[in-house]
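One-based numbering along the sequence shown. Side chains are part of it too, since the values below use all heavy atoms of this structure and drop only hydrogens, waters and symmetry mates. Remember, predicted model here, so these are calculated numbers, not experimental data.
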Amino acid sequence: MKAFYSKGRVQILNAQESYKMDSVAQTNCLVEFPENATEINIGEKVTIWKI
């Protein structure tokens with residue numbers, strides 16, 4: 001998922017659809033969801049890929 005990383009915190013951005021450019025402009029990382037996950041809770045550690 002597209003996200004914004006700053007000061008050790010990650011914010012998953014709204015508008016995840018590929019044609020919505022506003023979230024693409026704000027994205028500086030991607031969040032990797034575990035294969036069987038359906039949600040991630042606030043405060044839970046996640047793997048990110050900086051871009």
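- Membership of the apolar cluster around I48 extends to M1, Y5, V10, I12, V31, F33, I40, V46, as traced through chained side-chain contacts below 4.5 Å between ILVMFWY residues.
- Sorted pairs that involve residues 33-46 and meet side chain to side chain donor-acceptor pair (under 3.5 Å), not counting sequence neighbours, are lacking altogether.
- Here F4 sits in one hydrophobic cluster together with L13; the rule is ILVMFWY side chains under 4.5 Å apart, joined directly or through other members.
- The nearest pair of heavy atoms linking K2 to Q16 is N-OE1, 2.8 Å.
- Applying the side chain to side chain donor-acceptor pair (under 3.5 Å) test to Q11 and every residue at least two apart in sequence or in another chain returns nothing.
- Although no hydrogens or angles enter the test, the distance criterion places a donor-acceptor pair under 3.5 Å between the side chain of S23 and the main chain of A15.
- Distance check: K50 NZ to L30 CG gives 13.0 Å after rounding to the nearest 0.5 Å.
- Surrounding CG of N28 are more than 12 heavy atoms belonging to other residues, nucleotides or ligands, all under 6.0 Å away.
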